[in-house]
Amino acid sequence: MQVSINVNGEQRTHDVEDRTLLVQYLRDDCELTGTNIGCDTTSCGACTVLLDGESVKSCTVLAAQAEGREVTTIEGLADGEELHPMQRSFQKNHGLQCGYCTPGMVMASVSLVEENPNLTEADVRSGLEGNLCRCTGYHNIVQAVLDAAREKQGAAE
């Protein structure tokens, strides 16, 4: 079957098998390897992308379900060399260690802040509980999200 998906602002059309997962489509057909495959069971969140602006675990979405929709991956978040505010905040607050979970964590965080920029620490911890990091205690990740949310609030004022 043929799917046509807007990926990072570019229309992509490929022939895929009916059972192709969005994560496979992004990595194999679009050659965007920033979206990681972690568990294939929706447990880890390493494959999180934005689908029409909302975070989804791309290992649970068929490429066919994204037909005609907009997908943003970690590669599409920055504006050229200018990092997205969430990416800058993760960098500034040391919100990564090995980096494997980072793309999915950043994408989930972008969606979380878009939904509610007035986040508390508890909100962030709850909002990111579907994204696992095996290297850190989450403190720096939570601080990065809160910092980016504060920056967004300041820019809105």
Q.
Quick test of your reading: applying side chain to side chain donor-acceptor pair (under 3.5 Å), list the pairs with at least one residue in residues 94-108, sequence neighbours left out, ordered by first then second residue.
A. none

Q.
Holding to side chain to side chain donor-acceptor pair (under 3.5 Å), I want the full list of residues that pass it with Thr33, two or more places apart in sequence or in another chain.
A. none

Q: Inspect the surroundings of CD in Gln91 and state if more than 12 heavy atoms from other residues, nucleotides or ligands are less than 6.0 Å away.
A: no

Q | Partner set under side chain to side chain donor-acceptor pair (under 3.5 Å) for Asn36, not counting sequence neighbours | A | none

Q. What pairs of residues pass the side chain to side chain donor-acceptor pair (under 3.5 Å) test when at least one of them lies in residues 43-53, not counting sequence neighbours?
A. Thr41-Ser43, Thr48-Asn131, Asp52-Arg69

Q: Nearest 0.5 Å please: distance from the CD atom of Gln11 over to the CG atom of Asn6.
A: 5.0 Å

Q.
Can you tell me how far apart OG1 (Thr20) and CG (Asp29) are? Round to the nearest 0.5 Å.
A. 7.0 Å

Q) Which residue pairs satisfy the salt bridge (Lys or Arg N to Asp or Glu O under 4.0 Å) criterion with at least one member in residues 125-137, sequence neighbours excluded? A) Glu121-Arg125

Q: Please confirm whether the backbone N or O of Pro85 pairs with a side-chain atom of Ser89, one donor and one acceptor, at under 3.5 Å?
A: no

**Q.** Rounded distance (nearest 0.5 Å) linking atom CG of Leu119 with atom CG of Leu112
**A.** 5.0 Å

Q. Do any pairs count as a salt bridge (Lys or Arg N to Asp or Glu O under 4.0 Å) and have a residue in residues 82-107, sequence neighbours left out, and if so which ones?
A. Glu82-Arg88, Arg88-Glu151, Lys92-Asp147

Q: Test side-chain contact (heavy atoms from CB on, under 4.5 Å) on Cys47 and Ile37 and set out the steps.
A: CA-CA 6 Å; Cys47 67; Ile37 298 172; 5.8 Å; no

